[in-house]
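Small disclaimer: the values here were computed from a predicted structure and weren't measured. Whatever order the structure lists them in is the order used to number ligands and atoms, beginning at 1. Start at 1 with the first residue, then count along the sequence.
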Amino acid sequence: MFLAWRRHQALKHIPAVGIPPGWGPLGPYLAARRFISDSPGLLIEGYEKYSPTQQTFKIATPTRWVLVATSPAIIRELGTCNEALLSQQATANERNSMSYILGPSIHGNPYHMKIILRKLTPHTGAIIPDLVEEATWVLNTHPEAKQLVDEEWRGVKLQGLITGCISAMTNRVLVGQDLARDEEFLGSLADLSMVISRAGVAIDLAPDVAIVKDILAAILVPKGRGPFKVFLDKLTPVFEKRRKEYGQDKERYDDLIQWVLDAAPEEASMYELCTRILYLNFSAIHTSTVSVMQSLYDLASRPEAQDQIRDEIQMALSEGEGWTKESIASMWKLDSSIRESQRLTPVTTATMMRLAQETYTLVDGTVLQKGQWIITPAWAANRFTTAFDNPHEFDPFRFEKMRSQPGQELKHQLALPEEGYYSFGGPGKHACPGRYYAATEIKVLVGYIISNFRFRISHDSITDPEKQKNNFLSFSCLPNFNDGLEFQRRETTCST
Ligand code: HEM
């Protein structure tokens, strides 16, 4: 209570955005209500007003006041800060209520970060054939894809199809092909992802009393029945089998199950091992699915861009040996168009969220009290940047053109944060650890779809594409065009 009061007092001189005039003490509550469905509106309003003077502003959310940085120097600081002082893990934990839902070890001992950075990322080139195989399988067997048999245009429920592809591709890497094609297992993950995200919001909004939050977590995410039980029942035997073999032949496996076993504390329970995989699924699937959907939607009204990307893919595949690390790296147009969608419609409207672990003074002298949140307004900073020309415009080949300038060839890529592109976080050690893997997976899937299909906006369902496109819930941006796209299978596929 005292800490919350002290935090509130310390913020008095920082300007607030979104408080309707004339409502007195009710103003912050109304602003917090608006935040639930309009975080981009608030971030843009504040950014337009305060970024010219690089001033930090604050917004009210139902649970806390959040500071929003506009100064490039502070944003750089958030990308490189000391985790013990301004914590990424603590913010992720509060935001998703993970310690109540899955247990305190996820963010208390985040060994999965090292696994992603030191094992998964260097391994990504080697698993491209597996990713292509899973994408091919889902795009030939999923009911939404199976209806696309001839050259007829047909409406496609995109969310189910893309979630199916990303789940199979990701789980092929996380748990192997058997479970990646097990409908019950994938179904349990899809259900859990929804249940856990909703529970996270509800628990975060509940009174700040541990027992209340624990009880809510037990009610909202029951472990002994439903999808959680299916998930544990399917995955536990995989870990048990591997643990038995572990002593005999440690070097035999080089996959994620093994990396988790190697990195987890020796006494880790089966529940602990399985929930680590669940957390990785949780981090990977929703973000990548949404990114693929945004990219397809943006390209749907640009058939000429689809054709240009397809020509590029055709050339890369025929010059190389099919889908490989090298051929994918040469697909600049594909990379650029996905990055441009990611820039204009990031998965979360704010990134680089940090929670002060003790009193902390930012580079401009602003003092954060312990427990204070500070964020980067990615939605606004990406759209109002001075780093690129016409930043409001969707220009699919913007970054391909930039990379064509001498000395820029390796810059401006999908997985590389920079000023004006904060969708994976900012430059520095705290950027999303999964971004290289995610970029490869997304490029394989979008590239494979462009190689095999044409797609367009369905004119029956969309009247104002910009308005229909997104829903916002707190900081999340959720695409809203389940029935909005039509697909047609191409006569020929790209070949090597
Ligand atoms: C398009 C896909 C993705 C997007 C847009 C995305 C975005 C982000 C962002 C903005 C952050 C916070 C960075 C910061 O604090 O500065 C983050 C953190 C993180 N990401 Fe990603 N990510 C994606 C895919 C993935 C994948 C595939 C994985 C796992 C393989 C992953 C695992 C994580 C983890 C473990 C963190 C650390 C914080 C936490 O636990 O929430 N992400 N990601």
Side-chain angles (χ1 to χ4, degrees), residues 69 75-81 83 86-99 102 105-121 123-124 127 131 162 166-167 169-174 196-197 200 256 259-260 276-295 338-339 341-355 373-379 381-382 414-417 421-446 475-477 479:
I75 293 176
R76 274 196 298 278
E77 187 176 11
L78 300 184
T80 53
C81 56
E83 173 70 17
L86 278 185
S87 172
Q88 174 189 57
Q89 292 297 319
T91 334
N93 187 33
E94 268 198 13
R95 188 166 163 238
N96 300 317
S97 310
M98 227 20 102
S99 60
L102 295 186
S105 84
I106 299 280
H107 293 292
N109 181 6
Y111 57 82
H112 55 277
M113 299 284 282
K114 282 194 189 136
I115 296 178
I116 299 172
L117 287 166
R118 295 187 192 162
K119 294 289 190 179
L120 180 62
T121 302
H123 208 72
T124 298
I127 52 186
L131 297 178
I162 303 303
I166 293 287
S167 287
M169 294 165 86
T170 306
N171 277 292
R172 171 77 179 257
V173 177
L174 296 186
I196 291 177
S197 346
L256 204 117
W259 302 335
V260 170
R276 201 56 64 145
I277 298 283
L278 180 57
Y279 187 69
L280 285 171
N281 260 284
F282 186 75
S283 309
I285 290 185
H286 172 74
T287 46
S288 301
T289 299
V290 167
S291 303
V292 170
M293 289 173 72
Q294 297 288 18
S295 169
I338 300 170
R339 190 185 209 250
S341 298
Q342 193 67 244
R343 180 180 74 82
L344 286 167
T345 44
V347 178
T348 50
T349 57
T351 57
M352 307 169 77
M353 304 187 191
R354 305 287 178 259
L355 201 159
W373 276 51
I374 180 161
I375 60 172
T376 298
W379 190 275
N382 290 0
L414 176 56
L416 302 182
Y421 178 60
Y422 297 119
S423 308
F424 281 110
K429 60 186 175 187
H430 295 302
C432 169
R435 66 195 187 280
Y436 293 103
Y437 169 75
T440 303
E441 182 179 68
I442 293 168
K443 280 193 275 185
V444 165
L445 184 53
V446 174
F475 289 118
S476 299
C477 170

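Heavy-atom distances between Ile106 and ligand 1 stay at or above 4.0 Å for every pair. No heavy atom of Tyr422 sits closer than 4.0 Å to any atom of ligand 1. Contact annotation: Arg435 has no heavy atom less than 4.0 Å from any atom of ligand 1. Heavy atoms of Glu441 stay at 4.0 angstrom or farther from ligand 1.
Close approach to Ala92 involves these atoms of ligand 1, each under 4.0 Å from a residue heavy atom: 39 (C), 41 (O). Near Ser291, the atoms of ligand 1 lying under 4.0 angstrom from a non-hydrogen atom of the residue are 1 (C). Heavy-atom proximity to Ser423, at under 4.0 Å, picks out these atoms of ligand 1: 5 (C), 7 (C), 10 (C). Atoms of ligand 1 lying under 4.0 Å from any heavy atom of Thr351, numbered from 1 in the order shown and given with element: 10 (C). Applying the 4.0 Å criterion to heavy atoms of His430 picks out, from ligand 1, the atoms 13 (C), 14 (C), 15 (O), 16 (O). Listed by atom number, the atoms of ligand 1 under 4.0 Å from His107 heavy atoms are 40 (O). In the vicinity of Met113, heavy-atom distances shorter than 4.0 Å reach the ligand 1 atoms 35 (C), 37 (C). Within the listing of ligand 1, atoms 1 (C) sit less than 4.0 angstrom from a heavy atom of Ile442.
Scanning the protein heavy atoms around atom 32 (C) of ligand 1, the nearest turns out to be Ser283 CB, 3.6 Å. The protein non-hydrogen atom at the shortest distance from atom 36 (C) of ligand 1 is Pro433 CD, 3.5 Å. Nearest to atom 11 (C) of ligand 1 among the protein's heavy atoms is Cys432 CB, 4.0 Å. Scanning the protein heavy atoms around atom 24 (C) of ligand 1, the nearest turns out to be Thr287 OG1, 3.5 Å. Given atom 4 (C) of ligand 1, the protein heavy atom at minimum distance is Phe424 CE2, 3.4 Å. In terms of protein heavy-atom proximity, atom 12 (C) of ligand 1 is nearest to Gln88 NE2, 3.9 Å. In this structure, the protein non-hydrogen atom closest to atom 30 (C) of ligand 1 is Leu120 CD2, 3.9 Å. For atom 41 (O) of ligand 1, the nearest non-hydrogen atom of the protein is Tyr279 OH, 3.2 Å.
Remark: side-chain polar atoms of Glu83 are paired, donor with acceptor, to backbone N or O of Gln88 under 3.5 angstrom. Asn382 places a side-chain N or O within donor-acceptor distance of the main-chain N or O of Tyr422, the cut-off being under 3.5 Å. Looking only at distances, no side-chain donor or acceptor of Arg354 sits under 3.5 Å from a matching main-chain atom of Ser87. No side-chain donor-acceptor contact under 3.5 Å links Thr376 to the backbone of Ala378. Between the Arg435 side chain and the Phe424 main chain, no donor and acceptor come within less than 3.5 Å of each other. Using modelled atom types, no side-chain atom of His112 and backbone atom of Tyr279 make a donor-acceptor pair closer than 3.5 Å. In this structure, Asn96 contributes its side chain and Gly200 its backbone to no donor-acceptor pair below 3.5 Å. A donor-acceptor contact shorter than 3.5 Å links the side chain of Thr124 to the backbone of Thr121.
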For this session: Test side chain to side chain contact (heavy atoms under 4.5 Å, CB included) on Met169 and Val444 and set out the steps.
Result: CA-CA 10 Å; Met169 294 165 86; Val444 165; 3.9 Å; yes
For this session: Output, in order, the C-alpha distance, side-chain angles, deciding distance and verdict of side chain to side chain contact (heavy atoms under 4.5 Å, CB included) for Ile196 and Met98.
Result: CA-CA 9 Å; Ile196 291 177; Met98 227 20 102; 3.9 Å; yes
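With no hydrogens or angles considered, no side-chain donor-acceptor pair links Ser423 and Arg339 at under 3.5 Å. Between Gln294 and Ser341, the side chains place no donor N or O within less than 3.5 Å of an acceptor N or O (distance only, hydrogens not considered).
Around atom 16 (O) of ligand 1, the closest heavy atom drawn from Gln294, Arg354, Arg95 belongs to Arg354. The residue from Ala439, Pro110, Pro427, Gly434 that puts a heavy atom closest to atom 28 (C) of ligand 1 is Gly434.
In summary, the aromatic rings of His123 and Tyr436 are positioned with their centroids too far apart to meet the 6.0 Å limit.
A cation-pi geometry, defined here as NZ or CZ lying under 6.0 Å from the six-membered ring centre and within 45° of its normal, does not hold between Arg95 and Phe475.
In terms of polar-atom proximity, defined here as any N/O pair under 3.5 Å, His112 makes no such contact with ligand 1. The shortest N or O to N or O distance between Gln89 and ligand 1 is not below 3.5 Å.
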